[in-house]
Amino acid sequence: MIRASHISKQYGDVEAVRDISFEVKEGETLVLLGTSGCGKTTTLKMMNRLIEASSGTIEIDGKDIFTENPEQLRRTIGYVSQNNGLFPHFTVRENIGIVPKLLKWEQSEITRHTDRLLEQLRLPVREFASKYPDELSGGQKQRVAVARALIANPPVLLMDEPFGALDPVTRANLRQEFRELPELKRKTIVLVTHDVQEAFELGDHIAVMDKGRIVQSGTARQLLFNPANSFVSSFFDHQRLFLELNAFTFHDIWDSLPPEKVIGSGAVSADLSLWEGMQQLGAGQTELSVKRENEIRLVSQTLIFQSFNNYKNTR
Ligand SMILES: Nc1ncnc2c1ncn2[C@@H]1O[C@H](COP(=O)(O)OP(=O)(O)OP(=O)(O)O)[C@@H](O)[C@H]1O
């Protein structure tokens, strides 16, 4: 569990972060979302003391991080930086093994763990372990950076725009893989992004930031349907329908669905978001009749319009 209370960072006259407080429960992901310069990276780096806070307190698992040795603290927190931060003169295997080496693991242990992670992150050991960062694509470098952050099995992971430099397709694929990676299931994660879709896909909670402050913190649904002010709602306006379809699952419209069961084997999984489900329906990947598919579409769209009306009424 991470608890940040009233943290601020001042650079001369610039207040990069102003009196921010938040909690991240064990195993949850908090996304810091905001436009360039709003203080996301500064907030993240205060949590592993790459930047020292001007005031406030940060606790990780009940321990005040300001009383710890910063270097030792950083060995217990996984960190993926904005530009992947790989050492160019180290091979992939050496880059991933940096922290275990500092922790004085046996070399055989380091190799075993490195190779397992490489395979999991779809970087076959034979092909990639001895390569240098310059010989990798952007997406491959990010996978190595994630492996490096995970190898010592830290309970907390900090990620700064981990997919930022990638094209939209690679970015979406990596996000999907990232969500399914068993290593990440129980981690407490703080992730920085300016990408709304990324925030909604990966965050249990999302903190929307502006000018060094958290304007609103909540689940995707809370932010979409109960925005604190026009800044928050305008943040989502240009892709609202897409976000709403992602914010609901087929569970949510179960009662409104036609009586004949459409969810289950051969049909649509109840855990799918409406967006994913409708994509499956559109691609003819289910065993449902066209008539049934159209009924589901109609129910989904009606639900969204109802929600949208509720949302408009709250403004
Ligand atoms: N070392 C520094 N000295 C002075 N001002 C700084 C310093 N680092 C950051 N700032 C300022 O603090 C503010 C917040 O910067 P920060 O890097 O946290 O923003 P960000 O939201 O992460 O932006 P981006 O998405 O572009 O990385 C900015 O106005 C920035 O100019």
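Counting starts at 1 for both ligands and their atoms, following the listed order.
- Using a 4.0 Å cut-off between charged side-chain N and carboxylate O, E59 and K63 make no salt bridge.
- Using a 4.0 Å cut-off between charged side-chain N and carboxylate O, E52 and R49 make a salt bridge.
- The shortest heavy-atom distance from G34 to ligand 1 is not under 4.0 Å.
- Every atom of ligand 1 is numbered from 1 in the order shown, and the set under 4.0 Å from a heavy atom of G37 is 13 (C), 14 (C), 19 (O), 20 (P), 21 (O), 23 (O), 24 (P), 26 (O), 28 (C), 29 (O).
- For atom 30 (C) of ligand 1, the nearest protein heavy atom is 4.0 Å or more away.
- Of the listed options G212, A16, S36, S36 places a heavy atom closest to atom 24 (P) of ligand 1.
- Remark: atom 27 (O) of ligand 1 lies closer than 4.0 Å to at least one protein heavy atom.
- Counting heavy atoms under 4.0 Å from ligand 1, residue H194 does not touch it at all.
- Taking the six-membered ring for Trp and the full ring otherwise, the centers of F178 and F163 sit less than 6.0 Å from each other.
- Residues F248 and F200 place their aromatic rings such that the two centres sit no closer than 6.0 Å.
- For atom 18 (O) of ligand 1, the nearest non-hydrogen atom from the set T193, D13, T42 belongs to T42.
- The ligand atoms of ligand 1 that sit less than 4.0 angstrom from a heavy atom of Q82 are 27 (O).
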